[in-house]
Amino acid sequence: MERHWIAGKLTASTGNNVVPVRNPATEAVIAHIPAGTPEDVADAVASAHRARTAWRGLGPAGRRPLLLQAAARIEHEAERLADILTAENGKPLPQARAEVLGAASWLREFAELAVHFRAGSQGAPADELVFQRWEPRGTAACIVPWNFPLQVAMETLAPNLAVGNTVVIKPSEKTPLSLLYMVSHAFDHLPAGVVNVLLGDGPHAGEALVQHEGIDVVMFVGSVRTGRHIGQICGHRTTKAILELGGKDAFIVDEGVNVAAAARLVADSCFANTGQICTSTERVFVHRSVLDAFVSELTAATAALKVGDGREDGVDLGPLVDDIQLATVEAHVADARAQGAVVVAGGERLPRPGYFYPPTIMVLPDQGASLLMRRETFGPVAPLVVFDTFDEAIALANDSEYGLAAIVYSNDANHVLSAVEGLRAGMIKVNTRRGKAPGATSEPFAASGLGYGYGQEVLAELSRQKSVQWHRMPLA
Ligand code: NAD
């Protein structure tokens with residue numbers, strides 16, 4: 001039985017309920033975690049509170065070497081961490097290694113950034129000093145999903161720690177092992193209680209954590225459904241919440257482009273991490289003049305992808321994370337088929353143990369109302385819809401409940417400018433699927449979230465500003 005990480009040590013749960021953790025490639029149970037009780041939550045929050053004064057007192061320059069040391073230790077443990085990640089999440093080992101190194105580099109970035117964050121104070125009249133004082137908010141609750149168990153966890157941990165908040169972090173019950181290992185092996189030199197890992201499921205451990213009166217800010221990364229629920233709780237309690245939620249990203253393939261290159265980028269953007277990325281492409285709009293060539297290039301690019309256990313060499317797509325995710329993908333594909341979509345590749349789960357679904361291409365008569373075009377699928381499916389004018393493509397992309405990111409693939413500068421201006425998405429990517437350059441930031445549109453999750457702005461979100469106006473004392 002796994003244990004929480006509280007006050008700098010592994011700590012048994014006060015309860016007996018357990019949650020199994022499975023390897024999605026074999027369906028075998030590889031560990032059990034406690035479900036998490038309100039008493040466990042109270043312990044973790046109390047531990048984070050005890051650590052606040054010392055952690056805040058170090059200041060950003062004092063925290064920097066400790067966080068850089070943690071980053072170095074993550075790199076030192078990279079092989080072990082990648083192994084655990086692949087076992088619990090299914091992703092191919094090389095991608096797991098890249099995620100571990102990405103998490104370490106994110107930590108370095110924020111350790112440095114916080115030192116320079118709002119370091120100066122502002123001018124004022126001669127007899128007054130007026131300035132803004134930025135303070136850590138206190139104790140953050142970080143609740144994170146399973147698709148990048150270390151990278152997304154680090155996107156919440158690094159900025160919180162760098163600005164001086166102490167943290168209780170709850171990993172997804174599907175992939176708790178890599179985060180527990182990373183924190184207990186790479187952060188154990190931090191003062192006890194600065195980082196606490198609370199194991200457990202959402203409705204019990206997660207909700208009790210969000211409800212706890214000792215939490216000053218909630219940083220949640222996960223689905224729209226859970227995010228809205230957590231947003232309601234935080235609204236009721238007037239607790240600051242940053243919500244980074246799901247998406248249904250559009251990819252516009254314009255006329256006059258290199259069709260083979262566009263197809264390779266679409267395959268990468270739809271199928272990387274088996275389609276389980278918040279900014280995966282989930283809707284592809286293709287100009288009529290390139291449709292036929294595009295379909296044949298995408299089919300060729302897809303046929304070259306290898307599906308398998310993440311531990312095998314040369315695997316591009318691991319399994320989906322569990323049977324629930326598999327059932328969602330199957331339901332979305334079936335619904336689109338029933339509404340006239342034609343399957344060009346894939347379209348059926350693979351007949352083997354494990355939650356394997358092949359990369360799938362479908363051509364739809366229009367955007368329509370199918371689940372595949374309206375709800376986040378989070379699987380390796382590329383649904384294609386044809387358009388005739390660029391304005392129509394933008395309107396199709398914007399006809400969605402979500403607004404996380406979008407990709408436009410075009411040689412036409414005016415089309416690109418129209419997309420940058422017209423697309424209702426926080427992250428606009430032009431001829432690339434990369435979107436989180438260091439220093440860049442964005443706020444999602446619509447149901448995809450609230451607040452800034454990265455860049456300088458996340459440091460502001462996680463701090464509290466006081467204005468101070470200090471007048472000269474009259475001498476007589
Ligand atoms: P989820 O909402 O089911 O769970 C996310 C986390 O919330 C888990 O730790 C879960 O235990 C917890 N949780 C569930 N119910 C809760 C409750 N009532 N109270 C408190 N906590 C609760 O999401 P998921 O399936 O783990 O992750 C996939 C989703 O995450 C997708 O929608 C994806 O788009 C999104 N995501 C978004 C980003 C982003 O940056 N916007 C990044 C990665 C993933």
Side-chain angles (χ1 to χ4, degrees), residues 19 21 24 33-36 38 41 88-89 99 102-103 106 141-156 159 168-176 179-180 197-212 215 218-234 237 239 241-249 272-282 320-329 375-379 401-405 425-427 435-436 441-455 458:
V19 184
V21 180
I33 61 166
V41 171
E88 68 179 2
N89 170 284
E99 179 174 346
W106 198 273
C142 299
I143 301 187
V144 292
W146 46 261
N147 62 332
F148 289 89
L150 293 182
Q151 176 62 34
V152 172
M154 191 59 88
E155 290 177 15
T156 67
V168 178
I169 184 165
K170 195 200 86 56
S172 166
E173 55 275 39
K174 296 175 189 174
T175 56
L179 180 72
L180 187 63
V197 179
L198 177 76
L199 302 175
D201 63 6
H204 295 98
E207 188 145 343
L209 180 60
V210 174
Q211 294 274 14
H212 197 286
I215 294 302
V218 174
M219 197 165 177
F220 172 79
V221 186
S223 65
V224 169
R225 195 165 68 91
T226 312
R228 283 185 166 149
H229 180 63
I230 287 177
Q232 272 177 345
I233 298 173
C234 289
R237 293 192 50 234
T239 301
I242 302 157
L243 306 174
E244 296 289 320
L245 311 179
K248 191 79 201 164
D249 288 5
N273 215 42
T274 318
Q276 302 167 118
I277 306 180
C278 55
T279 54
S280 287
T281 291
E282 297 223 347
L320 292 161
V321 76
D322 64 6
D323 52 344
I324 301 172
Q325 205 51 48
L326 181 62
T328 302
V329 175
R375 295 269 167 271
E376 190 180 41
T377 304
F378 231 48
E401 185 193 339
Y402 302 85
L404 197 56
M427 218 185 280
K436 278 190 183 170
T441 194
S442 65
E443 192 170 14
F445 278 69
S448 288
L450 262 188
Y452 294 89
Y454 55 105
V458 74

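Atoms within each ligand, like the ligands themselves, are counted from 1 in listed order.
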Under 3.5 Å between any N/O of [X] and any N/O of ligand 1: does that happen in this structure?
X	result
W146	yes
I230	no
V210	no
K170	yes
E207	yes
E173	yes
N147	no

Between the side chain of [X] and the main-chain N/O of [Y], is any donor-acceptor distance below 3.5 Å?
X	Y	answer
E155	G453	no
R375	T328	no
N89	W146	yes
E173	V19	no
Y452	T441	no
Q325	F378	yes
S448	L245	no

### Summary
side-chain contact (heavy atoms from CB on, under 4.5 Å) with F220: of L450, I242, T226, only one passes, and it is T226
Heavy-atom nearest neighbour in the protein, as seen from [atom], with distance rounded to 0.1 Å:
atom	answer
atom 27 (O) of ligand 1	P145 CB, 3.1 Å
atom 23 (O) of ligand 1	S223 N, 3.4 Å
atom 34 (O) of ligand 1	E376 OE2, 2.6 Å
atom 4 (O) of ligand 1	T226 OG1, 4.5 Å
atom 17 (C) of ligand 1	G202 O, 3.5 Å
atom 12 (C) of ligand 1	I143 CG2, 3.6 Å
atom 28 (C) of ligand 1	F378 CE2, 3.8 Å
atom 36 (N) of ligand 1	C278 CB, 3.6 Å

#### Entry: Within 6.0 Å of NE2 in H212, more than 12 heavy atoms from elsewhere
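Counting neighbours around NE2 of H212, more than 12 heavy atoms of other residues, nucleotides or ligands fall under 6.0 Å, so yes.
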### Query
Would you call the rings of W106 and Y454 parallel, tilted or perpendicular, where under 30° means parallel and over 60° means perpendicular?
tilted
Ligand-residue contact atoms, ligand 1 with [X], heavy atoms, under 4.0 Å:
X	answer
V144	6 (C), 8 (C), 9 (O)
H229	18 (N)
G206	19 (N), 20 (C), 21 (N)
G246	32 (O), 34 (O)
P171	9 (O)

### Message
Heavy-atom contact check, 4.0 Å cutoff: does S172 meet ligand 1?
### Response
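It does; at least one heavy atom falls under 4.0 Å.
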### Query
Rounded to the nearest 0.5 Å, how far apart are OG of S223 and CG of L243?
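Atom-to-atom, S223:OG and L243:CG are 10.5 Å apart.
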### Gap between atom CD of E207 and atom NE2 of H229 - 0.5 Å precision
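That separation rounds to 3.5 Å.
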Residue-level breakdown please: for [X] versus ligand 1, do any non-hydrogen atoms fall below 4.0 Å on the side chain, on the backbone, on both, or on neither?
X	result
K174	neither
F148	neither
Q276	neither

### Message
If you apply the rule side-chain contact (heavy atoms from CB on, under 4.5 Å), what do you find for M219 with V458, and how did you get there?
### Response
CA-CA 10 Å; M219 197 165 177; V458 74; 3.7 Å; yes
#### Entry: Candidate pair K248 and T377, rule side chain to side chain donor-acceptor pair (under 3.5 Å), full reasoning
CA-CA 8 Å; K248 191 79 201 164; T377 304; 3.0 Å; yes
